[in-house]
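Reminder, nothing fancy here: chain letters follow the sequence lines and each chain counts from 1.
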Amino acid sequence: MSQLLLGGGGQGPEPSYLQGLNPPQRKAVEAIEGPLLILAGAGSGKTRVLTRRIAHMLDRGIPPWRILAVTFTNKAAGEMKERVAALVGPERAKKLTVSTFHSACVRILRQDIKALGYSNQFVIYDDDDQLRLLKAISKEQNLDPKRFPPRGLRGIIDRAKNKLQGPQDVAAENDRRIVAVFEAYEERLKEANAVDFNDIINKVVDLYEGFPAILEKWQGRYQYLLIDEYQDTNAAQYKLVNLLAARHRNLAVVGDDDQSIYSFRGADITNILSFERDFPDAVVVMLEQNYRSTSRILQAAMAVVKRNPGRKDKELWTDATEGKPLELIVGRDEDDEASKVAERIRVGLRQGRQAADFAVIYRTNARSRVFEQAFRRAGIPHVLVGTRRFYERREVKDILAYLKLALNPSDEMGFLRVVNVPRRGIGPKTIELVRELARAQGSSMVEAARTKSLGSGKVNGSLGGFVRLIDQLADALDRSLPGELVELAAKESGYLELLEAEDTDEARGRIENIQALAADAASQEFSLDEGLDGSDRRVVMQAFLDRATLSGQADELPDEGGRVTLMTAHLAKGLEYPVVFVAGLVEGSFPLTRDPSEQAIEEERRLTYVAFTRAQEELVLTRAMMRMQYGQGMMRCTPSRFLDEVPRELIRGYERSAPKVRPPSVSSQESRDRMKAFLDRHRVEKKPKVEAAAGPRVTRTPSSPDDFKVGVRVLHPELGDGVIRNVSGSRSEPRLTIEFGGMRRKTLFARYASLEIIES
DNA sequence: TTCTCTGGTTACTGC
DNA sequence: AACCAGAGAA
């Protein structure tokens, strides 16, 4: 059957997967042996080439398990698997390894990390665990958190590790106290049988460099490597790839230097720029024909990215029509910008578009809120990709910490996280005692907590209860499935009970999240990766926990059901939509200019390029004239420099608009007044100004949460008159954002604020 | 010794 | 939203 479909060789008809390819695409598909560099511009049919290349390899008799395809996100991995399955059938596709660097490396480590002195049950510390550990270490070493902020320390450590460096390598350019923290950090990870995200890659490199037999084993296993998004690999990943590929040299890398957008994570664009030097015999293929976007969209994207020096000068071109002009939407503020986008979408819907045809792309997740609100108001179905990721919610992490601790009792951060959650009367003093004991006897904290002679009888009882809970979970690990284990942990720990008793909207939301986690865990059993022994319950659980730690969000592909997609530019890479809105094109937001270096701006430019090239037919650029900055008040925005870099004749109406108005310089008094008048005008329109009450005022004490509504005037004992601008939190415990004179805002709990309501 | 409340601060991008 | 420090209550 597949023989018929795929054609075999010789005189038969050409296999279907070779049909409909342009010459460079075909060259890339057919170059199976040896090093291969594919420079694939946006929309040049990269995924199509990769999936067909894999089909071709399988057809040539290469066993699927010899192929390792590395993608940058779980989402991309899932998509590639699906598309290969469509070409070669699910049976063979299942035996391929398609995953992210991190997932692939975790699997390698779970098998071989023993050689480095860790147990196979090692835990993975995410950035949050990392930060907690660094805070603990800083405290022990009496570092002033002002002078050495933990986040800064983490940054230094991450940057070093991205380059495969350890404490000694950074000793020269750093304070010795920082180096000491780094050293302690590494020790503590090892003691806790834990690795951080960087280690996931680095430990595999250590393994390969230190144990030739292990390297050979994996070289033998994966004889054909395919690395997608090569421009976003860091030094450690680069080293890893080169080690693995050294023997068979069947290394295909795919990338686009114009789409390198992860330097904050150590991505090194020179990895792809120097591939030809690393492999002088490499076949190089340039995919420059874009099949995705209209000519105008492409021109706009190219015009922006071309400002970057030092790029491989490839010229994307298209056969497509000019298409419609780009559109520019300017809102008074961000709310208005979002409303106008919603309005524009409604127009599109009336003209026959589906909601799923639209995507809104912004720079930071924080921007998603205004769009969500606007779309809800306008009744536009939408789906958010990414945001506060599910597995990062506190309750989810707490429950997972219980289970990780049951699997790996050495996990110190896990112990600290849940030993007193829910409250068991185990405070810092007791924890300190347990830690000292653990140190003294060289055991885990869980072990130390078993000791009966710590503190008072009450404390011992609580600790004993906690230890019994962990034992109970550990015991259940061998008998129960992930879904059951999540439920067990939530129930037996008292976590659920606590939330139920709380009876607030927030608590109910958390319960829902735990239920969702249980459901998600239950599905793990059915989606085991190849090569895992499903009969070993611990392995199943471990696989689930790994996935939870490594994947931002369950890899839900946005459903076909017809919803507008909202996401960041980073998450948008690799996706395409008929109509794309690139939102928030103002200085400080897109580009983000916290780091004003030329390099950073170049990356922002590439990010803009990525965002623009998601659009197939229509591209709408949007910005606001003003925006709230950190709740500090309205600030006038400067249009994004990238807007200026788009040739204006590509934009509808732009060429006819008045000469460009630059924001008034703050130094001039006149323009300051003008700006003030401008701000006032708009403020009045949207939000009535707080007026000083004339004469004696009538106030009353609020009697129910319903008294607090947006727009209500209140009197604060210290801050005076204010107007409620936002009500958040739960009904029983509302949190109010109140605007006092001018633009000063404050957020506080209504319960404690002794507010009076001013009767009008 | 632990818990609870309060106010302040701080937030980019993601495996 | 989440985390922290500090004060005061239990």
Quick one about A:D398 and A:Y495 (side-chain donor to acceptor, distance below 3.5 Å, no hydrogens or angles considered), yes or no? yes

Which part of the nucleic acid, if any, lies within reach of A:R417 when heavy atoms closer than 4.0 Å are counted: base, sugar-phosphate only, or nothing? nothing

Under-3.5 Å donor-acceptor pair between A:N420 side chain and B:dC3 base: no

Does the side chain of A:N365 get closer than 4.0 angstrom to OP1 or OP2 of B:dG14 through an N or O atom? yes

Pick the nucleotide of DNA chain B nearest each of A:G425 and A:R151; which residue has the one closer to the 5' end? A:G425

Is A:R376 salt-bridged to A:E372, cutoff N-O under 4.0 Å? yes

Euclidean distance, atom CG of residue A:D129 to atom P of B:dC15 [Å, nearest integer]: 17 Å

Base B:dC12 to side chain A:R363, donor-acceptor N/O within 3.5 Å cut-off: yes

Criterion side-chain hydrogen bond (donor to acceptor under 3.5 Å, both in side chains) against A:K161, the qualifying member of A:N202, A:N234, A:D199: A:D199

Please give, in whole Å, the distance from B:dC15 P to A:F264 CZ? 9 Å

Would you mind reading off the distance between A:L433 atom CG and B:dT1 atom P, rounded to a whole angstrom? 8 Å

Should A:S103 be listed as having a side-chain N or O under 4.0 Å from OP1 or OP2 of B:dC15? no

Quick check: on DNA chain B, is the nucleotide nearest A:I426 upstream (toward 5') of the one nearest A:A366, or the reverse? Name the residue that is more 5'. A:I426

Rounded to the nearest 0.5 Å, what separation is found between the NZ atom of A:K404 and the OH atom of A:Y125? 9.5 Å

Using whole Å, report how far CG of A:D398 lies from P of C:dA2. 11 Å

Think A:T364 has a side-chain N or O under 4.0 angstrom from the OP1 or OP2 of B:dA11? no

Answer yes or no: is there an ion pair linking A:R605 with A:E602, defined by an N-O contact shorter than 4.0 Å? no

So if I take every side-chain heavy atom of A:R510 and compare against B:dC12, C:dA2, B:dC15, which nucleotide ends up nearest? C:dA2

Can you check the A:L133 CG to C:dC3 C1' distance for me, whole Å? 17 Å

Within the stacking criterion (centroid distance below 5.5 Å, interplanar angle below 30°), does A:Y262 stack on B:dT13? no

Nucleotide nearest A:K135 (side chain, heavy atoms from C-beta), chosen from C:dC4, B:dT2, B:dC15: C:dC4

The side chain of A:P428 lies closest to which of these nucleotides: B:dC15, B:dT2, B:dG14? B:dT2

Selection from B:dT13, B:dT2, B:dC15 that lies nearest to any side-chain heavy atom of A:K429: B:dT2

Can a side-chain donor-acceptor contact be found between A:N271 and A:Q237 if the only test is distance below 3.5 angstrom? no

For the pair made of CD1 in A:I261 and C1' in B:dT13, what is the distance, rounded to whole Å? 8 Å

In whole angstroms, how far is the C1' atom of B:dT13 from the CZ atom of A:R605? 18 Å

A:K573 side-chain N/O to B:dG14 phosphate OP1/OP2 under 4.0 Å: no

Using a cut-off of less than 4.0 Å, is there contact between a side-chain N or O of A:R423 and OP1 or OP2 of B:dT4? yes

What is the distance from CZ of A:R107 to P of B:dC15, rounded to the nearest Å? 16 Å

